[in-house]
Student: 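One structure, pasted below without further comment.
We name chains A, B, ... by the order of the sequence lines, and we start the count at 1 in each one.
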Amino acid sequence: MNYWLMKSEPSEFGIDDLKACEDRVTHWDGVRNYQARNFMRDGMKKGDLAFFYHSNCEHPGIVGMMRVHREAYPDHTAFDCNDKHFDPKSNPDNPRWMMVDVKYVRKLKNTIELAELKGFAEGELKDFPLLRKGNRLSIMPVTKQQWEFILSLA
DNA sequence: GCCAACGTTGGC
DNA sequence: GCCAACGTTGGC
């Protein structure tokens, strides 16, 4: 089993929105970055666990966990010219962007803030992509060691 | 709101 | 293939 971290802006779609979804499942649409897409398409397997990360907000950090519920399939929002993430270069015959379905697992009692994680950038979380300077990946792998260490902070 | 870092686009 | 211009991300 693999571990992941997936970012979302809580003003757009936060962990409470996921929890409120029917069956607590939603499709993770809108990824428009090739590296992030490749992680989803090539790496994510049903049953994998992922941290839910709130970005671009007052207290960015890890707020909970979810599980991959369905493996990668075409992101239909890329075909919809009314959608915020419309991409005219993607079409149903040759979809450029993919998404997975994720299911809510649980919220953490307290957010593990980015500021706290940064304290381990030279130690336990060395090489964690989230802490790399200029990192903009919205989906990234987490090693088992990193996963367990981060959870121990919660 | 600012801005650094990064990815993408497109002219050449 | 290079690279300048531009757009986006996301912390602060």
Student: Can you tell me the distance, in whole Å, between the CD atom of A:Glu116 and the C1' atom of C:dC12?
Tutor: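 Checked: the CD to C1' distance equals 18 Å.
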Student: When the distance from CZ of A:Arg132 to P of C:dG10 is rounded to whole Å, what number comes out?
Tutor: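 One finds 14 Å between P of C:dG10 and CZ of A:Arg132, rounded.
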Student: Checking A:Lys103 against A:Met66 for the side chain to side chain contact (heavy atoms under 4.5 Å, CB included) test, could you report, in this order, the C-alpha distance in whole Å, the side-chain angles of both residues, the deciding distance, and whether it holds?
Tutor: CA-CA 5 Å; A:Lys103 178 159 185 160; A:Met66 50 197 170; 6.0 Å; no
Student: Would you say A:Lys7 places a side-chain N or O within less than 4.0 Å of OP1 or OP2 belonging to C:dG10?
Tutor: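 So the side-chain polar atoms of A:Lys7 do come within 4.0 Å of the phosphate oxygens OP1 or OP2 of C:dG10, strictly under.
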Student: Considering all heavy atoms of both residues, which atom of A:Ala36 and which atom of A:Val31 are nearest to each other, and what is their separation?
Tutor: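 What the structure gives for the nearest pair is CB-CG1, 3.7 Å.
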Student: Atom CG of A:Leu137 and atom P of C:dG10: how far apart are they, to the nearest Å?
Tutor: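 About 9 Å, once rounded to whole Å.
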Student: May I ask you to verify if any side-chain N or O of A:Lys84 is less than 4.0 angstrom from the OP1 or OP2 atom of C:dT8?
Tutor: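 Answer is no, no contact under 4.0 Å.
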Student: Any side-chain heavy atom of A:Pro95 sitting closer than 4.5 Å to one from A:Phe79?
Tutor: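 Heavy-atom side-chain distance check passes, below 4.5 Å.
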Student: Among A:Phe52, A:Trp147, A:Tyr3, A:Tyr104, which residue satisfies the side chain to side chain contact (heavy atoms under 4.5 Å, CB included) criterion with A:Met65?
Tutor: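 Among the candidates, only A:Trp147 passes.
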Student: Picking from A:Arg96, A:Arg37, A:Arg32, what satisfies salt bridge (charged side-chain N to carboxylate O under 4.0 Å, His left out) with A:Asp75?
Tutor: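 When A:Arg96, A:Arg37, A:Arg32 are each tested with A:Asp75, the salt bridge (charged side-chain N to carboxylate O under 4.0 Å, His left out) holds only for A:Arg32.
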Student: Taking for each residue the nucleotide of DNA chain B bearing the nearest heavy atom, is the 5' side occupied by A:Gly134 or by A:Arg96?
Tutor: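 In this pair, the answer is A:Gly134.
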Student: If you look at every heavy atom in A:Glu71 and A:Met44, which pair is closest and at what distance?
Tutor: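 Scanning both residues, the minimum pair turns out to be CG-O, 3.7 Å.
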Student: Using whole Å, what does the distance between atom P of nucleotide C:dG11 and atom NZ of A:Lys133 come to?
Tutor: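 Distance, rounded to whole Å: 14 Å.
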Student: So, is A:Tyr53 near the phosphate of C:dG11, with a side-chain N or O under 4.0 Å from OP1 or OP2?
Tutor: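 Indeed, a polar side-chain atom of A:Tyr53 lies that close.
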Student: Looking at every heavy atom in both A:Ile139 and A:Phe39, which two are closest together, and how far apart are they?
Tutor: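 Heavy atoms only, the tightest pair is O-CD1, 3.3 Å.
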Student: Atom CG of A:Leu5 to atom C1' of C:dG10: distance rounded to whole Å?
Tutor: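 Checked: the CG to C1' distance equals 14 Å.
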Student: Rounded off to whole Å, could you give me the NZ-to-C1' distance for the A:Lys118 and C:dG10 pair?
Tutor: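 Checked: the NZ to C1' distance equals 10 Å.
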Student: Cluster partners of A:Val25, using ILVMFWY side-chain heavy atoms under 4.5 angstrom, listed by chain and number?
Tutor: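 In the cluster with A:Val25 there is nothing else; it is isolated.
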Student: Polar atoms only, N or O, under 3.5 Å: list the protein pairs with nucleotides 2-6 of chain C and their distances.
Tutor:
none

Student: Looking only at non-hydrogen atoms, find the nearest pair between A:Met1 and A:Gly47 and report the distance.
Tutor: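 The answer is SD-O, 3.2 Å.
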Student: Can you measure A:Asp87 atom CG to C:dT8 atom C1' for me and round it to whole angstrom units?
Tutor: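 It works out to 14 Å between those atoms.
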Student: Is any side-chain N or O of A:Lys89 closer than 4.0 Å to OP1 or OP2 of B:dT9?
Tutor: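 Yes.
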Student: Report the distance from atom NE2 of A:His85 to atom P of C:dT8, rounded to the nearest whole Å.
Tutor: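 Value for this atom pair: 11 Å.
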Student: What parts of residues 54-62 of chain A reach DNA chain C, counting only heavy atoms under 4.0 Å away?
Tutor: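 Listed by number, they are A:Ser55, A:Asn56, A:Pro60.
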